[in-house]
Participant: 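Here it is, the structure in full.
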Amino acid sequence: RREPSPVQDVTSLPGPASPAGQSSRASSRVGDEVEVRPGIVTKKEGPDGSTSVVCSPIFSKISSLYAEGNDLQYAVPGGLIGVGTRIDPTLTRADRLVGQVLGLRGKLPEVFAEIEISYYLLRRLLGVKTSDGGKQAKVQKLAKGEILMVNIGSTGTGGKVEGAKSDLAKISLTQPVCTQEGEKIALSRRVDKHWRLIGWGEIKRGKTLEILEP
């Protein structure tokens, strides 16, 4: 005998959440209008036939806040906060929004496709053993055209070095990132099939993308 499946009204189902979001700057309350950037990234064709990358932020409202097993009415900077929203679950499946930034509508920084940084390299590679048991290999200077892993906040994306000199470099990102000037970043290089930390830096300026408003 087949048991009937449990039935629940669709309007009572909780919306998708950001279970490991870190509140780092502004406070938020249940009912606040929020947006997620970069959101949906697409290509836009111009009148001259050229194409450009544009971003469409995802807008929603906070329906619930959750931390340490407790329901909250507001959250302040610091710690991990679960944020319940009414965002369509098809946009959040398979961790598609990992690394994106959620904040109050109209208060988030720009979205960058290319960044110019000041950087500092480690003297030697960390966690890499040498065949003769000697000192760890030295970190080589950045080379034009090489691919790095760039970590900005919780976002990890590939980056191509477009140019480098002394302690300055220009990097084009494989995925747009919502960040701001002055943000700290980490640089990693692929060594023996593994990404190894080689240095860190700070965003000085960059090329921003067009933000499409609804």
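Just so you know, these numbers come straight off a predicted model, no measurement behind them. Hydrogens, waters and symmetry mates are skipped; everything else that's a heavy atom, side chains included, is used. Start at 1 with the first residue, then count along the sequence.
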Participant: If I compare all heavy atoms of Thr85 with all of Ser63, which pair ends up nearest, and what's the gap?
Facilitator: N-OG, 3.5 Å

Participant: If you take all heavy atoms of Leu108 and Arg37, which pair is closest and at what distance?
Facilitator: O-NH1, 3.5 Å

Participant: Can you sort out the partners of Lys138 under side chain to side chain donor-acceptor pair (under 3.5 Å), two or more places apart, ordered by chain and number?
Facilitator: none

Participant: What I'd like to find out is whether the side chain of Leu65 reaches to under 4.5 Å of the side chain of Val83, using heavy atoms alone.
Facilitator: yes

Participant: Decide whether Met149 and Val177 are clustered together by the hydrophobic rule: side chain heavy atoms of Ile, Leu, Val, Met, Phe, Trp, Tyr closer than 4.5 Å, transitively.
Facilitator: no

Participant: Is there a side-chain contact between Pro38 and Leu209 (heavy atoms, below 4.5 Å)?
Facilitator: no

Participant: Quick one: does Ser118's side chain have a donor or acceptor within less than 3.5 Å of a partner on Asp167's backbone?
Facilitator: no

Participant: Do Val150 and Leu122 share a hydrophobic cluster (ILVMFWY, side-chain heavy atoms under 4.5 Å, transitive)?
Facilitator: yes

Participant: Output yes when a side-chain donor or acceptor of Glu146 lies under 3.5 Å from a complementary backbone atom of Val161, and no otherwise.
Facilitator: no

Participant: Taking all non-hydrogen atoms of both residues into account, name the closest pair between Val111 and Cys55 and its distance.
Facilitator: CG1-SG, 3.8 Å

Participant: Ignoring hydrogens, what is the shortest heavy-atom contact between Leu187 and Tyr119? Give both atom names and the distance.
Facilitator: CD1-CB, 4.1 Å

Participant: Within the structure provided, determine whether Tyr66 and Ile81 are in side-chain contact (heavy-atom separation under 4.5 Å).
Facilitator: no

Participant: Could you walk me through whether Glu202 and Lys204 satisfy the salt bridge (Lys or Arg N to Asp or Glu O under 4.0 Å) test, starting with their C-alpha distance in whole Å, then the side-chain angles of each, then the deciding distance to 0.1 Å, before giving a yes or no?
Facilitator: CA-CA 6 Å; Glu202 180 179 316; Lys204 294 300 183 183; 3.5 Å; yes

Participant: Step by step, work out the side chain to side chain contact (heavy atoms under 4.5 Å, CB included) result for Ile62 and Ser28.
Facilitator: CA-CA 8 Å; Ile62 297 177; Ser28 54; 3.8 Å; yes

Participant: For Arg189, run the side-chain contact (heavy atoms from CB on, under 4.5 Å) check against Ile147, Leu197, Leu142, Leu125 and tell me which one passes.
Facilitator: Leu142

Participant: Can you tell if the side chain of Ile198 reaches within under 4.5 Å of the side chain of Leu148, non-hydrogen atoms only?
Facilitator: yes

Participant: Can you check whether Trp195's main-chain N or O pairs, donor with acceptor, with Ser188's side chain at less than 3.5 Å?
Facilitator: no

Participant: Taking Leu168 as the starting point, is it possible to reach Ile203 by hopping between hydrophobic residues whose side chains are less than 4.5 Å apart?
Facilitator: no

Participant: Of the non-hydrogen atoms in Arg93 and Thr90, which two are nearest, and what is the gap between them?
Facilitator: NH1-O, 2.9 Å

Participant: Distance-only, no hydrogens or angles: does the Glu35 side chain make a donor-acceptor pair with backbone N or O of Gly106 under 3.5 Å?
Facilitator: yes

Participant: First locate atom CD1 of Ile87, then atom CG of Leu102, and finally report the distance between them rounded to the nearest 0.5 Å.
Facilitator: 6.5 Å

Participant: Taking 4.0 angstrom as the limit, do Lys207 and Glu114 come out as a salt bridge?
Facilitator: no

Participant: In terms of hydrophobic clustering (I, L, V, M, F, W, Y; side-chain heavy atoms under 4.5 Å; direct or indirect links), are Ile171 and Tyr120 co-clustered?
Facilitator: yes

Participant: Can you check whether Leu91 reaches Ile40 side chain to side chain, under 4.5 Å on heavy atoms?
Facilitator: yes

Participant: Can you name the closest pair of heavy atoms from Thr179 and Pro109 and give their distance?
Facilitator: O-CB, 3.0 Å

Participant: Evaluate side chain to side chain contact (heavy atoms under 4.5 Å, CB included) for Gln180 paired with Glu110, printing each intermediate quantity in order.
Facilitator: CA-CA 7 Å; Gln180 60 187 354; Glu110 297 291 335; over 6 Å; no

Participant: To the nearest 0.5 Å, what is the distance between NZ (Lys165) and NZ (Lys144)?
Facilitator: 12.0 Å

Participant: Are Val34 and Ile58 in one and the same hydrophobic cluster, where Ile, Leu, Val, Met, Phe, Trp and Tyr link if side-chain heavy atoms are under 4.5 Å apart?
Facilitator: yes

Participant: Is the closest side-chain heavy-atom distance between Lys184 and Trp200 below 4.5 Å?
Facilitator: no

